[in-house]
*Asks:* 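Structure incoming, see below.
Here the structure is a predicted model, which is why all the values come from computation and not from measurement. All chains are named by letter (A, B, ...) in the order of the sequence lines, taking the proteins before the strands, and each is independently numbered beginning at 1.
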Number of protein chains: 2
Amino acid sequence: MTTDRLSTIFAALADPTRRAILARLAEGDATVSELAEPFSISLPAISRHLKVLENAGLISRSRTAQWRSSSLNPEPLREATAWMERYRRFWDVNFARLDAHLRAIQQAQSATEQSPEKTQ
Amino acid sequence: MTTDRLSTIFAALADPTRRAILARLAEGDATVSELAEPFSISLPAISRHLKVLENAGLISRSRTAQWRSSSLNPEPLREATAWMERYRRFWDVNFARLDAHLRAIQQAQSATEQSPEKTQ
DNA sequence: TCGTTAATTAACCAATAGGTTATTTATAGC
DNA sequence: GCTATAAATAACCTATTGGTTAATTAACGA
């Protein structure tokens with residue numbers, strides 16, 4: 001896997017166990033054992049899943065006594081969503097209609113102005 | 001990688017080359033060579049990236065003569081976005097406000113009705 | 001300080017991913 | 001039928017992933 005941020009985020013999401021962990025954390029912080037409880041895999045495996053999520057910025061962790069608490073960090077999800085939004089016009093009818101409207105406006109502008117902004 | 005659909009989609013998106021290919025296809029269909037042009041990797045490598053995208057349902061392909069044309073298939077992106085939407089309230093202030101409002105309404109309902117629907 | 005609990009790290013393994021070059025398949029054009 | 005072009009497949013290599021068990025670290029509690 002390459003090292004760019006978005007790839008790291010999507011890769012972290014590409015595992016059902018990790019998505020389940022995020023779903024659990026959406027209901028509140030939890031310790032490693034609490035997070036491991038629903039799964040039939042070993043604790044070290046969970047520990048590494050958490051490291052992947054932390055590495056992607058999707059969770060942050062704190063320690064109190066011998067417990068490590070994880071909490072959800074939504075920022076990367078916002079980023080990933082932002083990337084996908086660029087494609088919304090392809091599936092969202094309402095967005096497509098708005099998009100067509102905006103395009104029409106922009107085209108009307110390019111007829112009168114020079115070098116319109118390039119959108120990425 | 002596990003075989004579930006969402007994991008396959010996210011895994012397909014977890015590569016910058018494949019995301020660039022999708023971005024290119026958003027501007028219109030293209031052949032394999034056309035898609036390969038901006039990259040410094042071999043054609044077989046591109047061919048396999050396309051197979052990953054096709055397998056995730058993100059593109060569909062057709063053949064005319066010796067050319068294989070790929071076209072963007074937005075449905076999986078809609079699915080992935082739908083999954084992320086569940087977390088929108090964690091980063092989107094406006095959504096959080098709406099969410100709080102809906103919760104308040106639902107709570108008011110549960111006070112008068114029996115066994116309210118469980119939302120997932 | 002000793003035993004218990006929580007979690008991580010180490011060492012290992014099999015499967016997958018992502019790249020390469022060489023070869024094969026399919027079609028077009030003459 | 002031969003040659004050129006487009007693309008896929010085969011065979012191979014290395015690094016990464018996701019799992020395991022065993023060992024280590026850290027903190028508590030009596």
Side-chain angles (χ1 to χ4, degrees), chain A residues 1-25 28-71 76, chain B residues 1-22 24-25 28-72 76:
Chain A
M1 204 257 303
T2 43
T3 185
D4 75 288
R5 192 164 159 74
L6 215 39
S7 296
T8 305
I9 296 169
F10 280 129
L13 296 177
D15 182 284
T17 303
R18 288 196 290 266
R19 289 198 307 279
I21 289 174
L22 292 179
R24 167 62 187 80
L25 290 177
D29 295 3
T31 64
V32 178
S33 320
E34 284 169 349
L35 291 172
E37 196 274 324
F39 305 104
S40 54
I41 60 176
S42 68
L43 214 67
I46 296 291
S47 202
R48 293 220 301 210
H49 279 307
L50 292 176
K51 192 161 288 177
V52 171
L53 290 171
E54 184 179 31
N55 197 254
L58 283 159
I59 66 172
S60 53
R61 302 158 98 185
S62 62
R63 113 184 295 164
T64 59
Q66 69 264 55
W67 292 277
R68 266 79 161 187
S69 182
S70 296
S71 66
Chain B
M1 204 258 303
T2 43
T3 184
D4 76 288
R5 191 164 160 74
L6 215 40
S7 295
T8 305
I9 296 168
F10 280 129
L13 297 176
D15 182 284
T17 302
R18 287 196 291 265
R19 289 199 307 279
I21 288 174
L22 292 179
R24 168 61 189 80
L25 290 177
D29 296 2
T31 66
V32 178
S33 319
E34 284 169 349
L35 291 172
E37 196 273 324
F39 305 104
S40 54
I41 62 177
S42 68
L43 216 65
I46 296 291
S47 203
R48 294 220 301 208
H49 279 307
L50 292 175
K51 191 161 290 177
V52 172
L53 290 170
E54 185 179 32
N55 196 252
L58 283 158
I59 66 172
S60 52
R61 303 158 96 184
S62 62
R63 113 184 294 164
T64 59
Q66 68 264 55
W67 293 276
R68 267 77 162 189
S69 181
S70 298
S71 66
L72 187 62

*Asks:* Check the distance between D:dA15's C1' and B:Asp15's CG and give it to me in whole angstrom.
*Replies:*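 These atoms are roughly 14 Å apart.
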*Asks:* Which part of the nucleic acid, if any, lies within reach of B:Thr31 when heavy atoms closer than 4.0 Å are counted: base, sugar-phosphate only, or nothing?
*Replies:*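 Sugar-phosphate: the residue B:Thr31, judged by heavy atoms under 4.0 Å, touches backbone atoms but no base.
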*Asks:* Name the residue closer to the 5' end of DNA chain D, choosing between B:Glu34 and A:Leu43 according to the nucleotide with the nearest heavy atom.
*Replies:*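 By nearest-heavy-atom nucleotide position, the 5'-most residue is B:Glu34.
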*Asks:* Using whole Å, report how far CZ of B:Phe10 lies from P of C:dA17.
*Replies:*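 Going from B:Phe10 (CZ) to C:dA17 (P), I get 17 Å.
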*Asks:* Pick from B:Asp29, B:Leu43, B:Leu25: which one makes a side-chain contact (heavy atoms from CB on, under 4.5 Å) with B:Leu35?
*Replies:*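 So, applying the side-chain contact (heavy atoms from CB on, under 4.5 Å) to B:Leu35 and each of B:Asp29, B:Leu43, B:Leu25, only B:Leu25 qualifies.
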*Asks:* Taking NZ, NE, NH1 and NH2 as the nitrogens, is one of them in B:Asp4 or A:Arg19 under 4.0 Å from a carboxylate oxygen of the other?
*Replies:*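 Salt bridge present between B:Asp4 and A:Arg19.
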*Asks:* What's the shortest heavy-atom distance between B:Glu34 and B:Pro38, and which atoms?
*Replies:*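 Looking at all heavy atoms of both residues, the closest pair is O-CD, 3.7 Å.
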*Asks:* Distance check needed: C:dT20 P versus B:Phe39 CZ, whole Å only.
*Replies:*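 These atoms are roughly 13 Å apart.
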*Asks:* Check DNA chain D against residues 51-60 of chain B and give the residues with a non-hydrogen atom under 4.0 Å, in numerical order.
*Replies:*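 Within residues 51-60 of chain B, the residues near DNA chain D are B:Lys51.
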*Asks:* For A:Gln66 and D:dA27, give me the distance from atom CD to atom C1', rounded to whole Å.
*Replies:*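 It is 5 Å, rounded to the nearest whole Å.
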*Asks:* Start at the 5' end of DNA chain D and walk down; is the nucleotide closest to A:Ser42 or to A:Ala65 reached first?
*Replies:*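 Looking at the nearest nucleotide for each, A:Ser42 comes out on the 5' side.
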*Asks:* Working to the nearest 0.5 Å, report the span between CG of A:Leu13 and CD1 of B:Ile9.
*Replies:*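 The CD1 atom of B:Ile9 is 12.0 Å from CG of A:Leu13, to the nearest 0.5 Å.
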*Asks:* Shortest non-hydrogen contact from B:Ala30 to B:Arg24?
*Replies:*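 Result for this residue pair: CB-NH2, 3.5 Å.
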*Asks:* Tell me what B:Arg63 touches on the nucleic acid: a base, only sugar-phosphate, or nothing, going by heavy atoms under 4.0 Å.
*Replies:*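 Since only primed, P, OP1 and OP2 atoms lie under 4.0 Å of B:Arg63, the category is sugar-phosphate.
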*Asks:* Nearest whole Å is fine: how far is D:dA6 C1' from B:Arg61 CZ?
*Replies:*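 Atom CZ in B:Arg61 sits about 12 Å away from atom C1' in D:dA6.
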*Asks:* Rounded to whole angstroms, how far apart are CZ on B:Arg48 and P on D:dA10?
*Replies:*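 Between P of D:dA10 and CZ of B:Arg48: 11 Å.
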*Asks:* For A:His49 and D:dT20, give me the distance from atom NE2 to atom P, rounded to whole Å.
*Replies:*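 Rounding to the nearest Å, NE2 of A:His49 and P of D:dT20 are 9 Å apart.
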